[in-house]
Amino acid sequence: MKSKRRIFFCAGAVILLLVIAAVMMVIGRGHTLYFDNVTLEYEGTVYEAPYKAKITVNGEKAANLGVKDRGMATWIGQNFEMLITLTEEKGGAEQTYAVNLTLPYGMDNIIVNIPAVMAGLPQEAWCTEFIPAVPEEPEEEVPGGEDDLTITDDFDI
């Protein structure tokens, strides 16, 4: 009787830990977000970048973007919230928008296109994965190989 009860409690503890781990994996996943303020063409329509975009995340200024600028912020969880303050043209009035996005689970580094978000386009339009370019390493010289410097004994004394 005591052994069945012990097995039951151990199995319950393991199941509880697995449930907690699964929940933490979903809600605790961190993302690095890159905000691009660049013109986008999607399905034949061009979405122009605003003159200036200010991004606020968690009450803190995350980015102040001009045309063709990129900013960055970090976020934990799948439901991303930000405030975007746009100035469409130089000297124009500012308008602030609250934006909520569902971030893809499988991406760590996400590029968010501001004109696409503001146009209400689907996730495939505003979201791309940021893949850092790996710089090419210069070719190394082979030891004992030929080089441009040669020594000759062509001098007179």
**Q** For residues M72 and I55: do they belong to one hydrophobic cluster (side chain heavy atoms under 4.5 Å, members Ile, Leu, Val, Met, Phe, Trp, Tyr)?
**A** no
**Q** Dump the intermediate steps for side chain to side chain contact (heavy atoms under 4.5 Å, CB included) on L33 and M82, then the final yes or no.
**A** CA-CA 11 Å; L33 299 160; M82 67 178 163; over 6 Å; no
**Q** Considering all heavy atoms of both residues, which atom of F35 and which atom of V57 are nearest to each other, and what is their separation?
**A** CZ-CG2, 4.4 Å
**Q** Who else is in V14's hydrophobic cluster (ILVMFWY, side-chain heavy atoms under 4.5 Å, direct or via others)?
**A** L18
**Q** What's the separation between atom CG in N113 and atom CG in L40, rounded to the nearest 0.5 Å?
**A** 4.5 Å
**Q** Return the set of residues passing side chain to side chain contact (heavy atoms under 4.5 Å, CB included) with T102 (not counting sequence neighbours), or none when no residue passes.
**A** N79
**Q** What are the two closest non-hydrogen atoms of I114 and I84, and how far apart are they?
**A** CD1-CD1, 4.2 Å
**Q** Is the backbone of L103 close enough, under 3.5 Å, to the side chain of Q78 for a donor and an acceptor to pair up by distance?
**A** yes
**Q** To the nearest 0.5 Å, tell me how far T74 OG1 sits from H31 NE2.
**A** 11.0 Å
**Q** With sequence neighbours excluded, give me every salt bridge (Lys or Arg N to Asp or Glu O under 4.0 Å) pair touching residues 58-87.
**A** D36-R70
**Q** Compare every heavy atom of T87 with every heavy atom of G92, then report the nearest pair and how far apart it is.
**A** O-CG2, 3.6 Å
**Q** Is E94 salt-bridged to K54, cutoff N-O under 4.0 Å?
**A** yes
**Q** My understanding is that only residues two or more places apart in sequence, or in another chain, count here; which of them pass side chain to side chain contact (heavy atoms under 4.5 Å, CB included) with N109?
**A** T32, Y34, F130
**Q** Does one hydrophobic cluster hold both F9 and L16, with members joined at side-chain heavy-atom distances below 4.5 Å?
**A** no
**Q** T39: which residues meet the side chain to side chain contact (heavy atoms under 4.5 Å, CB included) condition with it, sequence neighbours left out?
**A** V46, E48, A49
**Q** What's the shortest heavy-atom distance between I110 and P104, and which atoms?
**A** CD1-CD, 3.8 Å
**Q** Is it true that M118 and V112 fall in one hydrophobic cluster, defined by side-chain heavy atoms closer than 4.5 Å?
**A** yes
**Q** Would you list the pairs meeting ring pair (Phe, Tyr, Trp, His ring centres under 6.0 Å) in which at least one residue belongs to residues 39-98, sequence neighbours left out?
**A** W75-F80
**Q** Could you report the tightest heavy-atom contact between G71 and L65, atom names first, then the distance?
**A** N-CD2, 3.3 Å
**Q** With side chains defined as the heavy atoms from C-beta onward, is the minimum distance between V67 and V38 less than 4.5 Å?
**A** no
**Q** Would you name the heavy atoms of N37 and G66 that are closest together and state the gap between them?
**A** ND2-O, 3.0 Å
